[in-house]
Structures are given as structure tokens and as C-alpha cells.
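Taking it in order: structure first as C-alpha cells, then the write-up.
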2 protein chains.
Amino acid sequence: MHISTKCSVAIHCLIFIYEYGEKKKVTSELLSLSTGSNSVTIRNILSSLKKDGIISVKFGTGGATLNCPLEEITIHRICKAIEPDFVSKLFGIHSLPSPLCPIGKNIHNVLNRSYQKIQNDLCDSLKSITLKDLISDYHYFRIGDYKYY
Amino acid sequence: MHISTKCSVAIHCLIFIYEYGEKKKVTSELLSLSTGSNSVTIRNILSSLKKDGIISVKFGTGGATLNCPLEEITIHRICKAIEPDFVSKLFGIHSLPSPLCPIGKNIHNVLNRSYQKIQNDLCDSLKSITLKDLISDYHYFRIGDYKYY
DNA sequence: TAATGGTGTAAATTTAAAAATTACAGGAGG
DNA sequence: CCTCCTGTAATTTTTAAATTTACACCATTA
């Protein structure tokens, strides 16, 4: 599996909530329209983000708001909230090497050592980008947008 | 999609070819037994590695050998040989955001900028590990193996 | 207090991607 | 010329992701 589209949808939702959360009631239906994903998928994503403390969702009446400073919300945190062991799932390892072959017997250890390092590097990279950066990029692109249309 | 198990199978094969390529005739059938993957899958992997110049495969008579110094074979090169655009496929982006929403209209640009950085970091990390490292890890584990059984 | 418009979640279905299987043409070497 | 191998296309199976359907439950308000 890859870093799922759920993660990109989550980022989309978070930018939306930051931009409109105070003014409008941001419901799963609204986010479903904006992202093009199913509203149940959205609710599942919001539910994960809520459990992690990134957002609050009003039960009953509805509406999501940010619950946390933008600099504390890294891409790593978002991915992890949605899929706790996404990092290890990112690197597939063939499951049935022959235990009779010296290489087959040891390949998992060998791969784990290197993959572990790569995974750590990736986590560092994912931690280096925050929602603050993403929103400032969004503002940059949106201005360009106004300029040309 | 993830960094496919094809990549781990490829690494398995390369270690196998390094260890036995000179002594035995390393066929796709033999690698299929050692890795536990189908021999057609193996042949496809070997074919990709061959095109990249990493190995040679004797046509007709069969048998694979390394064709390149160990230090020049990085994990990045292996993955890329097998799936040229594996990096971009690693990060899923939802495909149908609403063009009527200012966020929907710009989200792809926003995500691409950050994902690009993450992808570059990942490539650097994948380039930092070579087959030489993997084989030296293999020798390390194999010795431990002898010690305890 | 009942209608409305939300959330939360489980279960079933659909869709799409990866891997295995089947099949077969063709080369090298004994 | 027979055997063992490669190369590759086409099909089928398997597995994972995403959507859909369904429904219980909550808050607000008319």
C-alpha cells in the first residue's frame, strides 16, 4: 500500500477547516463535495484526526474546527493518525522466502535493517512539513489563481 | 501502491546471484524456489535488472551474473529499474477535488510541492544504501546463524 | 416534542492493483 | 533433435482500497 489518498484528503480537509471552520459549519457533506470523496470516508478521516486531538467535531449539530496550533500538525502526524503503522506498510517484503536457503533464511533480517533506516529518514522528512507550510503554499497558489482568472 | 515486494525480491535475487552466480547456474526456477515467488515474476524482475545493466542473463542456456560493482547498485537504482516511476506512485493524491472550490482547485499544486520535497528526500535515502551494504549485512546475519544452530 | 440535519460505525459491495498462472515461441548446447 | 532455459503476452486469482448502504444516536429549533 502507499501513503494513501486518505492522507491527501485529510490535508485537504484540514486546509478547508482552517479556512472556513470559524465562519461556516464544516460538515462531512461539505468536505465530501470539496474533496470528491465519499462522506463516510470523510467521517472516518475526521474521526481519526479527532482521536489524535488535531480537530474537534461537534456531535449532533455538526461542524469541525482545528484544535491545535498549525506548527504542531506535521504530515507525519496526519498520516499516523489515519493509519498508525503506515510507515511499515509502505515497504513490501515478500513473505515466503525458503527457510532451507541461507539467503531465504536471512533476507528478512537483512531487509529490515536497511528498510528501518529508510523509514526513519522518511519519518524525519514527513515531520519537517507542517500544516502551516501547506497553508502558506495554498495562499501562494490561490493568489496566483486570482491573478490569472 | 507501495514500494513493491518486487523490490525485496529483486534484492534477494541480487544477493543470491552475488553469492552463487559464479559457481552455479542461477536460473529463474532456482530463484523462484529461494524467494518463494513465481518464476515468471522472477523473469520479469531479472529482465528489468538486465535492461538497467545491473546483471547479465544468458539467453538460451540460462544463468544470471552481476554486471556491475556492488557500490554502484543502490536500492534506488533497483527500485527504479523495476518500476521507473515508483517514487511518484508512492504518494496517492485524491483525483477528483471540486474545481469549483478554491481549495479543490489548488490542492494538487499544494500537495505536489510538499510531496516533491518528500520524494527527493526519500530518493536520497534510497541512494544511500548499496548492494555492498546489504551483502555485508547478509554476511553478518549468516554468521550469527551459524553460531546458534 | 417531533422534525431536521448532523455524527459514528458496521457490513456489504464495487473497483482497482498486484501477483500468480497458463501458454507458447524461440535460443544454446549436448 | 531433445532438453533446459529465457522472454513475453494474456488470463485468472488474490488482495487491498474505496464506496455504498444502512441505521442508531445526538443537538437544535420550530
Side-chain angles (χ1 to χ4, degrees), chain A residues 1-10 12-13 17 21 24-33 35-52 55-65 67 79 81-83 85-86 88-97, chain B residues 1-10 12-13 17 21 24-33 35-52 55-65 67 79 81-83 85-86 88-97:
Chain A
M1 134 207 353
H2 52 181
I3 287 198
S4 140
T5 59
K6 272 191 194 173
C7 177
S8 74
V9 173
H12 184 140
C13 291
I17 292 167
K24 293 187 193 179
K25 184 163 74 168
V26 178
T27 65
S28 61
E29 189 55 37
L30 188 55
L31 289 169
S32 168
L33 287 170
T35 62
S37 315
N38 188 275
S39 66
V40 175
T41 305
I42 300 290
R43 289 208 285 273
N44 286 327
I45 289 169
L46 294 187
S47 165
S48 301
L49 295 175
K50 195 174 84 169
K51 272 177 198 142
D52 192 76
I55 61 172
S56 300
V57 180
K58 281 214 189 75
F59 198 87
T61 167
T65 46
N67 203 24
C79 290
I82 284 165
E83 176 63 52
D85 56 348
F86 77 100
S88 58
K89 288 192 177 169
L90 205 54
F91 296 82
I93 294 187
H94 54 301
S95 52
L96 301 164
Chain B
M1 128 215 3
H2 53 182
I3 288 199
S4 137
T5 59
K6 273 190 192 174
C7 178
S8 74
V9 172
H12 184 140
C13 290
I17 292 167
K24 293 187 190 176
K25 183 162 74 169
V26 178
T27 66
S28 60
E29 189 55 39
L30 188 54
L31 290 168
S32 167
L33 287 170
T35 61
S37 317
N38 187 274
S39 66
V40 176
T41 304
I42 299 290
R43 290 209 284 275
N44 286 328
I45 289 170
L46 295 187
S47 166
S48 301
L49 295 174
K50 195 174 84 168
K51 274 177 196 142
D52 192 76
I55 60 172
S56 300
V57 181
K58 281 214 189 74
F59 197 88
T61 168
T65 47
N67 203 25
C79 290
I82 284 164
E83 177 62 51
D85 56 348
F86 77 99
S88 57
K89 287 192 180 172
L90 205 53
F91 296 82
I93 295 187
H94 55 301
S95 52
L96 301 164

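Chain identifiers are assigned alphabetically (A, B, ...) following the order of the sequence lines, protein sequences preceding nucleic acid strands; residue numbering begins at 1 within each chain.
- Overall bending of the helix from C:dT1-D:dA30 to C:dG30-D:dC1, expressed as the angle between end axes built from five pairs apiece, is 0° (10° steps).
- For the pair A:Ile17 CD1 and C:dT7 P, the interatomic distance rounds to 11 Å; values are reported in whole Å.
- We find that CD1 of A:Ile93 is positioned 13 Å from P of C:dA19, with the value rounded to whole Å.
- Minimum heavy-atom separation, A:Ile17 to A:Ala64: CG2-O, 3.6 Å.
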- Between protein and nucleotides 4-10 of chain D, map the contacts as a letter string: B base, S sugar-phosphate only, - none, heavy atoms under 4.0 Å, written 5' to 3'. BBBBBB-

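- Put simply, A:Thr41 has no side-chain N or O that comes within less than 4.0 Å of OP1 or OP2 on D:dA18.
- Separating the NZ atom of B:Lys89 from the P atom of D:dA16 is a distance of 19 Å, rounded to the nearest angstrom.
- To the nearest 0.5 Å, the span separating CD1 on B:Ile42 from OG on B:Ser32 amounts to 6.0 Å.
- Between the CD1 atom of A:Ile45 and the C1' atom of C:dT7 there is a distance of 15 Å, rounded to whole Å.
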What side-chain donor-acceptor pairs closer than 3.5 Å can you find for residues 44-52 of chain B, not counting sequence neighbours?
from    : atom 1 : to      : atom 2 : distance (Å)
B:Asn44 : ND2    : B:Val40 : O      : 3.3
B:Ser48 : OG     : B:Asn44 : O      : 3.2
B:Asp52 : OD2    : B:Arg77 : NE     : 2.7
B:Asp52 : OD2    : B:Arg77 : NH2    : 3.3

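- Salt bridge status for B:Lys6 with B:Glu83: absent, with no side-chain N to carboxylate O gap under 4.0 Å.
- If you take CD1 of A:Ile42 and P of C:dG8, they are 13 Å apart, rounded to a whole angstrom.
- Look at CG on B:Asn38: it is 13 Å from C1' on C:dA23, rounded to the nearest Å.
- Shown here for A:Ser37 and A:Val9, the closest heavy-atom pair between the two residues is OG-CG2, 3.5 Å.
- Residues passing the side chain to side chain contact (heavy atoms under 4.5 Å, CB included) test with A:Ser8, sequence neighbours excluded: A:Thr5, B:Ile93, B:His94, B:Leu111, B:Tyr115.
- For B:Ser88, the side chain to side chain contact (heavy atoms under 4.5 Å, CB included) test picks out B:Asp85, with sequence neighbours left out.
- Taking B:Lys58 as the reference, B:Thr61 meet the side chain to side chain contact (heavy atoms under 4.5 Å, CB included) condition, with sequence neighbours excluded.
- The distance from atom NZ of A:Lys25 to atom OG1 of A:Thr65, rounded to the nearest 0.5 Å, is 13.0 Å.
- At whole-Å resolution of the value, CG in B:Leu31 and C1' in C:dA20 are 17 Å apart.
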